[in-house]
Amino acid sequence: MTNQTEKLVKGGSFLIDDISYENVFTPEDYSDEQKMIAKTSEDFVVNEVLPQVEHLENHEFERSVKLLKQAGELGLLGADVPEEYGGLGLDKISSALISEKFARAGGFSITHGAHVGIGSLPIVLFGNEQQKQKYLPLLATGEKIAAYALTEPSSGSDALGAKTTAKLNAEGTHYLLNGEKQWITNAGFADVFVVYAKIDGEKFSAFIVEREYPGVSTGAEEKKMGIKSSSTRTLILEDAQVPVENLLGEAGKGHVIAFNILNIGRYKLGVGAVGGAKRAFELAAAYTNQRQQFKTPLSSFNLTKEKLATMASKIYAAESSVYRTVGLFEERMGTLSEEEVKDGKEVAKAIAEYAIECSLNKFFASEVLDYVVDEGVQLHGGYGFMQEYEIERAYRDSRINRIFEGTNEINRLLVPGTFLKKALKGELPLLQKAQSLQEELMMMMPEEPGDEPLAQEKQLVSNAKKIGLLAAGLAAQKYGTKLEQEQEILVNIADIVSFAYAMESVVLRTEKAIAATGLEKNQQKVLYTEIFCQEAFNAIEQHAKETLIATETGDTLRIMLSALRKLTRHNPINVIAKKREASVKLIEAERLVL
């Protein structure tokens with residue numbers, strides 16, 4: 001186990017290490033079984049869920065319950081539940097593909113995701129044997145529906161500021177829970193809630209709470225901007241009687257469960273965002289072929305081509321980044337022995353390892369989705385504003401993703417914060433690398449890339465990572481422990497790191513594809529990679545410049561800006577021409593072509 005663990009990729013190490021494409025999972029690596037599971041999921045959504053969307057949007061949630069049970073019969077609720085508890089015990093890739101395909105269902109995908117993810121996983125990963133045997137077989141079939149209750153009216157991003165309390169009764173048989181949990185997905189029909197409360201007002205802990213327990217009720221259905229096909233209500237606990245055996249994990253250790261389940265929720269949200277973006281792209285591409293203006297299809301106009309190619313390159317980057325992270329999870333979780341899988345501490349460590357990547361996936365992919373649905377509406381013109389067109393619902397449904405699972409602002413702040421924690425613990429030589437880089441830059445001469453495919457993009461990735469290290473190192477040197485107060489700088493650093501991770505992900509994916517099937521068969525991937533890397537690098541340069549100006553002054557600033565110019569020097573590509581070229585196959589296929 002120890003030797004295996006040492007060979008695994010360390011979370012956050014992408015910023016300082018060179019990575020070979022052989023060590024990265026890409027969508028081209030799906031097995032036949034994984035493709036079959038994806039097809040089963042897609043068929044279920046198209047044939048069973050979509051015909052009922054209008055009913056679901058009108059809160060006919062008895063249909064949601066029925067659909068979940070149908071999904072359970074197909075095994076689409078039990079991917080992450082071990083076989084011994086009635087699930088399928090599938091790999092993380094298969095589980096992610098189910099989430100991606102369900103994204104097309106809009107609000108119902110949130111219903112499904114809350115049940116199989118944040119609702120069931122706390123019991124899968126942190127439940128004791130008795131809890132697993134009691135609940136998991138019922139959750140895997142959909143006989144019981146799960147929900148997750150963390151957020152409160154007074155504590156959103158500050159989860160540990162929860163006011164809900166738990167007190168042991170005089171007999172020592174039950175905890176009495178009091179408080180309100182807000183915006184709880186599936187609350188209208190869930191049978192089982194994972195609820196967080198402070199024992200004696202101090203020990204933040206998790207509990208498995210059944211709807212039928214005395215003192216448990218829910219408020220009215222919330223009136224939401226989007227995801228109307230999902231149920232969202234307040235969970236009300238008034239001396240709710242929860243048996244002592246339903247304490248989940250250890251008393252006072254609820255944060256371990258909450259934060260690690262959030263990490264999984266974040267990369268799963270990224271997966272769903274990719275699925276949603278692909279669907280929105282299909283809608284936009286098909287419409288531009290059908291709709292004519294000035295007796296010409298919209299798809300013939302160069303601005304339309306530009307929009308479609310930009311959307312496609314961003315989706316390619318999001319998909320590459322997210323599945324790279326899912327691959328890391330699959331590899332690390334696969335090294336755990338049966339004993340370690342049953343040990344919540346080992347599971348928590350394995351999940352927490354990739355907290356940085358989870359946050360990056362969450363905010364990057366959710367913003368790609370928002371960009372794509374926004375452009376999708378724009379390409380539909382006035383029709384995009386009408387409810388009869390699917391893109392209108394997709395636009396409204398997408399907005400919550402930047403708030404779910406920790407706001408994008410919180411996730412951005414977590415990235416540099418987690419990097420610094422890893423550096424101070426000695427897990428990553430981040431500060432040493434940043435220091436040696438500053439010295440190296442004084443002597444460095446700009447290099448010219450070669451002529452081979454992706455040569456310049458590889459250089460841009462290398463320099464993007466150096467820029468991230470430079471910005472983080474200078475900020476840490478100047479502000480020290482007060483850096484957490486410089487939120488604008490932290491967000492800039494997070495964006496630089498995010499673009500670097502996405503750029504590297506597309507380069508490695510395309511490089512791997514070329515190695516497998518040749519350059520000629522992967523020209524479209526090359527185009528996406530060139531387009532995305534060029535535009536992402538331009539954004540990195542802006543973020544870096546702003547950060548340096550905020551961090552340094554006088555001669556030091558001039559020296560650092562000079563160093564930045566060395567790192568940002570490259571031969572710009574004709575992005576307009578590349579996008580026109582990439583759009584040809586996209587318009588013909590009316591979907592994301594790879």
Side-chain angles (χ1 to χ4, degrees), residues 21 26-28 273-274 277-278 280-282 284-285 288 299 301-324 364-365 367-376 378-379 449 451-464 467 495-496 498-514 519-543 568-594:
Y21 66 79
T26 72
E28 287 69 36
V274 168
K278 285 181 180 177
F281 180 86
E282 290 169 5
T288 60
S299 57
F301 295 112
N302 285 331
L303 271 183
T304 302
K305 295 175 183 177
E306 187 277 335
K307 286 181 183 296
L308 292 173
T310 304
M311 292 156 75
S313 67
K314 286 178 183 288
I315 297 170
Y316 183 69
E319 182 182 50
S320 304
S321 304
V322 167
Y323 279 99
R324 173 183 178 181
F364 180 74
E367 288 172 16
V368 166
L369 172 59
D370 253 13
Y371 177 86
V372 172
V373 294
D374 186 77
E375 289 288 68
Q378 195 69 18
L379 286 168
D451 296 326
E452 67 274 15
L454 305 180
Q456 173 155 282
E457 286 65 41
K458 289 179 187 177
Q459 186 185 66
L460 293 180
V461 168
S462 175
N463 286 348
I467 291 168
D495 280 334
I496 292 168
S498 170
F499 282 127
Y501 187 70
M503 287 168 65
E504 184 173 63
S505 298
V506 296
V507 167
L508 292 172
R509 178 180 180 182
T510 305
E511 188 180 12
K512 189 173 189 177
I514 291 171
L519 179 62
E520 191 175 335
K521 290 185 178 178
N522 293 287
Q523 285 295 342
Q524 196 75 4
K525 291 188 180 74
V526 172
L527 286 169
Y528 296 149
T529 304
E530 291 172 336
I531 292 165
F532 180 78
C533 286
Q534 179 68 73
E535 296 193 329
F537 196 74
N538 291 344
I540 285 173
E541 183 176 3
Q542 288 302 112
H543 289 309
T568 55
R569 181 181 168 188
H570 66 282
N571 297 317
I573 64 169
N574 184 347
V575 173
I576 290 174
K578 296 285 183 185
K579 288 182 180 179
R580 286 187 186 178
E581 187 179 349
S583 71
V584 174
K585 288 186 176 179
L586 294 168
I587 291 166
E588 183 182 336
E590 296 184 353
R591 62 177 175 81
L592 185 70
V593 179
L594 298 175

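The structure places CG of Asp374 at 7.0 Å from CD of Gln378, a figure rounded to the nearest 0.5 Å. With rounding to the nearest 0.5 Å, the separation of CD in Glu28 from CG in Leu594 is 6.0 Å. For the atom pair CD1 of Ile315 and OG of Ser320, the computed distance is 11.5 Å after rounding to the nearest 0.5 Å. Atoms CG and CE, from Leu308 and Met311 in turn, are 6.0 Å apart once rounded to the nearest 0.5 Å. With values rounded to the nearest 0.5 angstrom, Asp495 atom CG is found 10.5 Å from Phe364 atom CZ. Note that CD of Gln524 is 8.5 Å distant from CG of Leu592, once rounded to the nearest 0.5 Å.
The heavy-atom pair separating Cys533 from Val506 by the smallest distance is SG-CG2, 4.0 Å. When all heavy atoms of Ala280 and Val373 are compared, the pair lying nearest together is CB-CG1, 3.8 Å. Tyr528 and Val593 make their closest contact through OH-O, 2.7 Å (heavy atoms, listed as atom of the first residue, atom of the second, distance). When every heavy atom of Ser321 is checked against every heavy atom of Ala502, the shortest pair comes out as OG-CA, 3.3 Å. Across all their heavy atoms, Ala464 and Ile540 have their closest contact at CB-CD1, 3.6 Å. Leu586 and Ala309 make their closest contact through CD1-CA, 3.9 Å (heavy atoms, listed as atom of the first residue, atom of the second, distance).
Side chain of Glu282 to main chain of Glu590: no donor-acceptor pair is present (N/O by atom type, distance under 3.5 Å, no hydrogens or angles).
You'll find the side chain of Arg324 reaches within 4.5 Å of the side chain of Glu504, heavy atoms only.
Not counting sequence neighbours, the partners of Thr510 by the side-chain hydrogen bond (donor to acceptor under 3.5 Å, both in side chains) test are Tyr316, Thr529. The ring pair (Phe, Tyr, Trp, His ring centres under 6.0 Å) search around His570 returns Phe537, not counting sequence neighbours. Checked against salt bridge (charged side-chain N to carboxylate O under 4.0 Å, His left out), Asp370 has the following partners two or more places apart in sequence or in another chain: Arg402. Residues forming a salt bridge (charged side-chain N to carboxylate O under 4.0 Å, His left out) with Glu319 (at least two apart in sequence, or on another chain): Lys278, Arg509.
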TODO: Carefully, step by step, assess Glu457 and Glu530 under the rule side-chain contact (heavy atoms from CB on, under 4.5 Å).
DONE: CA-CA 7 Å; Glu457 286 65 41; Glu530 291 172 336; 3.6 Å; yes
Open item on the list: Pair Leu379, Thr304 - check side-chain contact (heavy atoms from CB on, under 4.5 Å), show working.
Closed with: CA-CA 7 Å; Leu379 286 168; Thr304 302; 4.0 Å; yes
Open item on the list: Val526 vs Leu519, test: side-chain contact (heavy atoms from CB on, under 4.5 Å). Steps then yes/no.
Closed with: CA-CA 8 Å; Val526 172; Leu519 179 62; 3.9 Å; yes
- [ ] Test Leu508 against Val461 for side-chain contact (heavy atoms from CB on, under 4.5 Å), laying out the working first.
- [x] CA-CA 10 Å; Leu508 292 172; Val461 168; over 6 Å; no
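Applying the side chain to side chain donor-acceptor pair (under 3.5 Å) test to every pair with at least one member in residues 579-589, sequence neighbours left out, gives these pairs: Glu306-Lys579, Thr310-Lys579, Glu535-Lys579. Under the salt bridge (charged side-chain N to carboxylate O under 4.0 Å, His left out) criterion, the residue pairs touching residues 307-318 are Lys307-Glu375, with sequence neighbours excluded.
Summarising the local packing, CD of Glu520 is surrounded by 12 or fewer heavy atoms from other residues, nucleotides or ligands at distances under 6.0 Å. Within 6.0 Å of CD on Gln523 lie more than 12 heavy atoms contributed by other residues, nucleotides or ligands. More than 12 non-hydrogen atoms from other residues, nucleotides or ligands lie less than 6.0 angstrom from CD1 of Ile573.
The aromatic rings of Phe532 and Phe499 sit tilted relative to each other, their planes meeting at an angle between 30° and 60°.
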